[in-house]
Amino acid sequence: MPLELKRSLQELKTSLPKHLRRVGLKHFQLGGEYTNKYFQGVVVLSYPLTRLGNGKAFFKIVLQESENSYFRPDTINILLFGRLAEDCEKVVHQEDTVVIAGFNVTKSASKDGRHCCQLEVPDEAGSSVFISSKSRTTATSETATISVAPKYIYTPLNHLKGGTVVNLYGVVKFFKPPYVSKGTDYCSVVTIVDQSDTKLVCTLFNENRDALPKIYKNGDIVRFHRIKVQEFNGQFQGVTSNGFAALTFDSTVGAPVVPRTTSKLFTFTDEDKKTVENLRVWVARNFSNSAPAADLSSIQPQMFFDLTCQLVGKAKVDGSSYLLKVWDGTKCPFPSWKVLIKEDDLEGDGVLINQLKNLSVDVIVYDNHVQLAKSLKVGNFIRMYSLHAKSQSPEDKPDVSYIQFHLHGGTGYGRGITVLPENHPDVKELKVFLDSQATRGYADSENSSSQEPEHSYLTLGSCLEEYQQLSVTVLTDHQHFDVTTVNTILNSRVPQQYRIRAKLRRFEPKKLHQSVKLLCPQCNSLQEVPDVSEFDALLQASSKHPNPNLQNIPFCQSVVWDIENQGRRYVAIHFVTRYELLQEPEDSLIMIEGGTVPEILRLSKKFKGIIPVRSIEDNLVSLDLSAPFFWQGNIQYYGCRRCSDPKAMPSLHALAAQQNALWESTTIAEALGIVLLQYVFVMKFTLDDGTGTLDAYLVDSEKFFQIPASEILTSYIFQDNMERIMNKLCPTGTNPDDFPSLECFIKSYYVRDGTEEQLSFQIFDTTIAEDV
DNA sequence: GTTTAGGGTTAG
């Protein structure tokens, strides 16, 4: 039984459950409703503890409502039972102030001049006795709470009824962090869902922001007590009712089950723990983590995202907007808009703000968010939800763009700000990272401090200058690497990885189609992409005489066409079935014997995929691997002649028997024992950083250009994009000094050239910036 | 013992 000590009557009062309302003696009557009521009085008399006939403990006290009351009677009998009686008997003394809740009002059994009703406090869930002693000075026993933990029943979301007050568990599917409503309260809208897959939108109000659930992300688990269910627009909604209380839990499976709440008084049983743990498992299985969280280094223009960051400065902009300067330790890959404000208006450590100016970004928050933004403290760790990274161009320079960060007005899509507590795991992690970045940041500014302008804030003009030096490539990993000069790299003979910043002087080959090759991921051999028109002879050589015995392949339905009606050329088509059923053509895999390249190309527009085959004895096998073994849409897939160990077509049987097997090049190649060749761009970049030049190879299937090498030869759009990118990296007719910079990772490795080993370089983990 | 908002991007 919980026993809580209080230091004063004041503390006792503030710790009483908020849903309890005081009720006076004169309101007691038989048959009244006292569920959420408490009675307070001073002990004027207490009787010795006795046992009832059933052995249950019984303790009686008399409480006086007020010493100076005009009203008579002003005392009432209180009857306590069971464990509650035993515990109270130990601590209750005359003159103590006692608050009782969870009682029944019955007719007084004795004619003693006291109130005609008596209060029975059963040894049951929900019964509580709060005791505050008047004058004893021993510190530990001044006040006490004695209560029987209420037994809460939780209603599954698919069992809700309108007009009821219930207790709920749920997983947050959507939420608006608490914001200032137009009324008197904070508001938070929370959509929850539970294992019944039923959704409930809850609209929660409280004048105290901390009383609303402390939700930090979708997937968090909440427990709501005393929430009212009502119908709105034909659907149930949850709204706060008297005594609403919320607990919030992180949903990480295995993490300690610690509720987030500011309430000191709440029940939390082993059963609650189990419920949370079960919900965690459910979340792990059923919630895809599609949260739009991002750090500054991974933002894309026009995206809305959640940013976890630290506030380094803030300033008033005008009546409806407010500036927050924040950082998360990563660098925004685009030039970002800096707001010009008066230095006097800026709150925060000027030196620090200056040191972090290349890492921090300016966020403008609007309208309803201004009030909350003002209340933030510099140094706070905050999360902003649905922040807009808006791409803008100055009017006179449409080819230049920069990012503005807006937290627009309104609360749609959960737009808002929360302060994260210092002990939040994400904050702990961020602190460590920020510390490491700050150290680097200080070093940078020390080197260049002599050239620093006096004022700390970049105007738009200087932001554009910065753009000139921005890299047209983005590093996708290892951002902590420092830049190494080409000169240093050339003098090193040890294979290793570097980050460099240089300009692209030249590249080869000049003709795009010459840069696409086929790479074997196993033996690393490269080969040219053959011209498919050369395969007609090979394709047709296979089937002058389709074998009629083959028309009964277990997982195929076959037809033979006499193409030229002269018996001179036959084409056999074997439709791969699933469970002996044909599928829709666009889902079907077919095998073809005979057929010309144009015929196969035409068929591959209609069918999911095509495997050219020939028959050997009574089996079907792939053609020679110099021809594509699989055709899909416009793409032909080749196998490595050195590494593959081709198997006959019945090897596809297992794949055909799988319920949802996709007819993809990778799975088919695997089933047929073929090592799939990868389409790659192979290019040589000559990079110059002023200290020297080096040739680095790019071998890339689609990461660097964000264009699939397999599709570029058949797509004019991709070819246009590619040309545009290369012209941006290495513009023709431009002074090479004005070329943009490329930031790349390169690794050095040895290649044997005859008897000599030569150091070569290859680009990796680098990609073209989105705005290029 | 009311009102607020009642999920579904600003338009700066």
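Lettering of chains follows the sequences in order, A, B, ..., and the numbering in each one begins at 1.
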Distance only, no hydrogens: is a donor on one side chain within 3.5 Å (strictly under) of an acceptor on the other, for [X] and [Y]?
X      : Y      : answer
A/T106 : A/N104 : no
A/N278 : A/T275 : no
A/D272 : A/Y169 : yes

Measuring from the side chain of A/S320 (C-beta onward, heavy atoms only), which nucleotide among B/dG1, B/dG12, B/dA5 has the closest atom? B/dG12

The side chain of A/S386 is closest to which nucleotide in this list: B/dT9, B/dG1, B/dG12? B/dT9

Hey, does A/H388 reach any base, or is it just sugar-phosphate, or nothing, if we go heavy atoms under 4.0 Å? base

Distance in angstrom units between A/H369 NE2 and B/dG12 C1', rounded: 13 Å

Between B/dT10 (C1') and A/I403 (CD1): distance, integer Å: 15 Å

Using the purine O4'-C1'-N9-C4 or pyrimidine O4'-C1'-N1-C2 torsion, is B/dG7 syn (within 90° of 0) or anti? anti

Any N/O donor-acceptor pair, A/D367 side-chain to B/dG12 base, under 3.5 Å: yes

Within the modelled atom types, does a donor on one side and an acceptor on the other bring the side chain of A/R21 and the base of B/dG1 under 3.5 Å apart? yes

As a test of understanding, state which of A/V326, A/V312, A/D349, A/L434 forms a side-chain contact (heavy atoms from CB on, under 4.5 Å) with A/L356. A/V312

Quick check: A/F39 with A/F28 (ring centres under 6.0 Å apart)? yes

If you measure from the ring centre of A/F304 to the centre of the six-membered ring in the base of B/dT9, is it under 5.5 Å, with the planes under 30° apart? yes

Under the 5.5 Å and 30° test, is A/Y366 stacked on the base of B/dT10? no

Fit a plane to each ring of A/Y385 and A/F175, take the angle between them on a 0 to 90° scale, and name the class: parallel (under 30°), tilted (30 to 60°) or perpendicular (over 60°). perpendicular

DNA chain B contacts made by residues 171-194 of chain A, counting heavy atoms under 4.0 Å: A/F174, A/K176, A/Y179, A/S181, A/K182, A/G183, A/T184, A/D185, A/C187, A/V189, A/T191

Is A/K199 near enough to B/dG7 that one of its side-chain N or O atoms lies under 4.0 angstrom from OP1 or OP2? no

How do A/N242 and A/F205 order along DNA chain B: which one's closest nucleotide is nearer the 5' end? A/N242

